2 protein chains.
Amino acid sequence: MARDPKQNPRGGHADLHAHAIDADAVQGRARAYAASKGIPFTQMRQRVLALLAASGKPMAAYEIAEKLSDARRVQAVQVYRALEFLQEAGCVHRLASQSSYFACDHQHGSGETVVFMVCSQCGAVQEAASNLVARGLLGVAKTSGFKPLHPIVELEGECASCNSQPAR
Amino acid sequence: MARDPKQNPRGGHADLHAHAIDADAVQGRARAYAASKGIPFTQMRQRVLALLAASGKPMAAYEIAEKLSDARRVQAVQVYRALEFLQEAGCVHRLASQSSYFACDHQHGSGETVVFMVCSQCGAVQEAASNLVARGLLGVAKTSGFKPLHPIVELEGECASCNSQPAR
DNA sequence: CTCCAGGGTGTAATATTATAACAAACGTCC
DNA sequence: GGACGTTTGTTATAATATTACACCCTGGAG
Ligand SMILES: [Zn+2]
Ligand SMILES: [Zn+2]
Ligand SMILES: [Zn+2]
Ligand SMILES: [Zn+2]
C-alpha cells in the first residue's frame with residue numbers, strides 16, 4: 001500500500017509544503033452543489049472531502065479508504081463513489097498522471113483552463129488558470145478541426161519550496 | 001477485455017478515421033534511437049510498434065498483448081517492456097487520461113509542448129505542437145515559482161470527422 | 001399511516017492496469 | 001569458448017477501478 005518514497009515521490013518527505021486547504025469553504029461548495037441537485041451531501045462524501053482537504057496533497061483512492069477505516073472498514077468502492085460526486089461538484093480533481101485525487105481550493109469558472117502543477121519531490125499540487133494555455137488549446141483545436149470539450153493539463157516539475165531546499 | 005462502446009469510446013465505431021501511420025518511418029526512428037543507445041531493436045519491440053502504427057489509434061497494453069498472441073501467448077509484462085523502450089525512443093506516447101498507448105507520427109523537437117487531441121467518439125488521437133500552450137505553461141509556472149519539467153496536455157473532444165457525421 | 005420509488009450503503013467479486021522476481025536464452029566482447 | 005550484461009518467458013502480485021446485488025433510508029403518493 002504505502003509507496004516506497006524512492007520509487008514514488010508521493011509521501012516523499014512527508015507533508016512539508018502540504019498546505020491544507022480551507023475545509024469549510026470547500027465543504028460549503030459541495031453542500032451547495034448537492035442542494036442544487038437535490039441530492040444529499042452524505043457522511044461518506046463529507047469524510048472523503050474532509051480528509052483530502054486536510055491532507056492538502058493528492059491521495060490514491062485506496063489510501064483514502066485505508067485512512068477512513070476505523071472500527072468499520074471503508075471499501076475502495078465507497079471512496080470511488082464519493083469521489084465521483086465530489087468531482088462533479090468541482091471540489092475534487094483527479095490527477096491523470098498519477099491516478100490520484102486532491103481537494104480543490106478554487107471556484108473555477110465554467111470555461112476556465114486550469115493547469116495542475118505537480119511537484120515530483122514533495123507531491124504537492126498547485127492550480128492556476130491560464131488564458132494563454134486556453135487560447136493555445138483553442139488554436140490547435142481550430143487548426144485541426146477539433147471540437148474541444150475537456151482539457152487535461154498537468155505539469156510535472158519542482159515546486160518553489162523543493163527547488164530552494166534541494167536535498168530536504 | 002473489449003470495452004463496451006456505450007461506456008468507452010475506444011473501439012466505438014471501429015476504425016473510421018483511423019489513419020494508420022507510416023510504419024517504415026516510425027520504425028526507422030526507433031531503429032536509429034536503438035543504434036544511438038547501443039541497444040537492440042528486438043522483435044518484440046518491432047511487433048508492438050508495428051501493431052500500434054497499423055492501428056493508428058490508442059490501444060491498452062493488454063489489448064496489444066492479446067493481438068500479438070498467436071501460438072505463443074504474449075504476456076502484458078512483455079508489452080510494457082517494449083512500450084517503455086518505444087516511449088524513450090519517442091515513437092510511442094502514453095495517454096494518461098486513458099492509460100493507453102499510441103504510435104507517434106512526428107519527430108518532436110526537444111522542448112516542444114505537444115497537445116494530444118482525443119476524440120470521444122472514435123478514439124482517434126491527433127497531435128499538434130503549440131507554442132502558445134508552451135508559453136502559457138511557462139507563464140503559470142513562473143508566476144508560481146514552479147520549475148516545469150514535463151507537461152501532459154490532453155484535449156478530449158470531437159474530431160473533424162465525427163463532428164461532421166454525428167451519428168455515424 | 002402504509003406503501004412505494006429512488007438513492008445511498010455495505011459487501012463481495014471481478015476487471016483492468018502495472019510492476020516485481022527470477023531463471024533461461026541471447027549477444028557481444030575478450 | 002567463457003564472462004558479462006541484456007532480453008525474454010513465466011509466474012506472481014500490487015495497484016487502480018468497476019459491476020452486482022441485497023439492504024436500508026427517506027421522502028412523497030395514496
Ligand atoms: Zn480546482
Ligand atoms: Zn515540492
Ligand atoms: Zn508525438
Ligand atoms: Zn472522431
Side-chain angles (χ1 to χ4, degrees), chain A residues 1-11 30 33-49 58-89 92 94-102, chain B residues 1-8 10-11 30 33-35 37-49 58-89 92 94-102:
Chain A
M1 216 291 93
R3 305 162 112 80
D4 180 348
K6 281 180 290 293
Q7 304 276 105
N8 186 317
R10 264 140 76 198
Y33 174 81
S36 80
K37 290 286 180 179
I39 57 182
F41 183 41
T42 62
Q43 196 187 4
M44 184 60 71
R45 290 164 182 176
Q46 292 177 44
R47 291 178 70 194
V48 170
L49 181 55
M59 297 179 72
Y62 276 77
E63 199 183 344
I64 296 171
E66 191 162 320
K67 292 250 198 270
L68 291 184
S69 292
D70 41 31
R72 179 161 289 152
R73 174 100 196 144
V74 173
Q75 299 298 137
V77 64
Q78 303 174 264
V79 174
Y80 281 109
R81 290 195 284 229
L83 288 173
E84 186 178 7
F85 165 86
L86 294 168
Q87 288 177 265
E88 280 169 16
V92 163
R94 177 176 191 269
L95 267 190
S97 56
Q98 305 190 86
S99 297
S100 63
Y101 304 83
F102 65 98
Chain B
M1 214 296 90
R3 304 162 111 80
D4 180 348
K6 282 183 288 294
Q7 304 276 104
N8 186 315
R10 265 140 76 198
Y33 174 81
K37 290 286 180 180
I39 57 182
F41 183 42
T42 63
Q43 196 188 3
M44 184 60 71
R45 290 163 183 176
Q46 291 176 43
R47 291 179 70 194
V48 170
L49 181 55
M59 297 178 73
Y62 277 75
E63 199 183 344
I64 296 171
E66 191 162 321
K67 292 251 198 270
L68 290 183
S69 292
D70 41 31
R72 179 160 291 154
R73 174 100 197 144
V74 173
Q75 299 298 139
V77 65
Q78 304 175 263
V79 173
Y80 280 108
R81 291 196 281 229
L83 288 172
E84 187 178 5
F85 165 86
L86 294 168
Q87 288 176 264
E88 280 169 17
V92 163
R94 176 176 192 269
L95 267 190
S97 56
Q98 306 192 7
S99 298
S100 62
Y101 304 83
F102 65 99

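Worth saying up front: this structure is predicted, and the values here are computed from it rather than measured. Within every chain, numbering begins at 1; the chains are lettered A, B, ... in the order of the sequence lines, protein sequences first and strands thereafter.
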Interatomic distance, A:Arg72 CZ vs D:dC24 P [rounded to whole Å]: 12 Å

Short side-chain N/O contact from B:Gln78 to OP1 or OP2 of D:dT8, under 4.0 Å: no

Residue closer to the 5' end of DNA chain D, A:Ala61 versus B:Val77 (nearest nucleotide): B:Val77

Spacing of A:Met59 atom CE relative to D:dA17 atom C1', expressed in whole Å: 17 Å

Touch class at under 4.0 angstrom, heavy-atom based, for B:Tyr101 against every strand present: sugar-phosphate

Protein-nucleotide distance (A:Leu95, atom CG; D:dT16, atom C1'), rounded to Å: 15 Å

Phosphate OP1/OP2 of D:dT8 contacted by B:Thr42 side-chain N/O (<4.0 Å): yes

Residue pair B:Ile39 / B:Phe85, side-chain heavy-atom distance below 4.5 Å: yes

Under-3.5 Å donor-acceptor pair between A:Tyr62 side chain and D:dA14 base: no

Audit row: A:Glu88, A:Tyr33, side-chain contact (heavy atoms from CB on, under 4.5 Å) steps and yes/no: CA-CA 9 Å; A:Glu88 280 169 16; A:Tyr33 174 81; 3.4 Å; yes

Contact check, side chains of B:Leu68 and B:Gln78, non-hydrogen atoms, under 4.5 Å: no

Student check: side-chain heavy atoms of A:Gln46 and A:Phe41 closer than 4.5 Å: yes

Side-chain heavy atoms of B:Ser99 within contact of B:Arg94, under 4.5 Å: yes

Separation of atom CD in A:Gln43 from atom C1' in D:dC25, rounded to whole Å: 14 Å

Protein-nucleotide distance (B:Glu84, atom CD; D:dT6, atom C1'), rounded to Å: 13 Å

Spacing of B:Gln98 atom CD relative to C:dT17 atom C1', expressed in whole Å: 14 Å

Distance test, side-chain N/O of A:Ser99 to OP1/OP2 of D:dA17, below 4.0 Å: yes

Atom-pair distance (CE on A:Met44; C1' on D:dC24), nearest Å: 14 Å

Euclidean distance, atom CZ of residue B:Arg47 to atom C1' of D:dG9 [Å, nearest integer]: 13 Å

Check: C:dG8 base within 3.5 Å donor-acceptor of A:Arg45 side chain: no

Aromatic stack B:Tyr80/C:dT19: centroid gap under 5.5 Å, interplanar angle under 30°: no

Residue closer to the 5' end of DNA chain D, B:Arg73 versus B:Pro40 (nearest nucleotide): B:Pro40

A:Arg81 (side chain) and C:dG7 (base): donor-acceptor pair under 3.5 Å: no

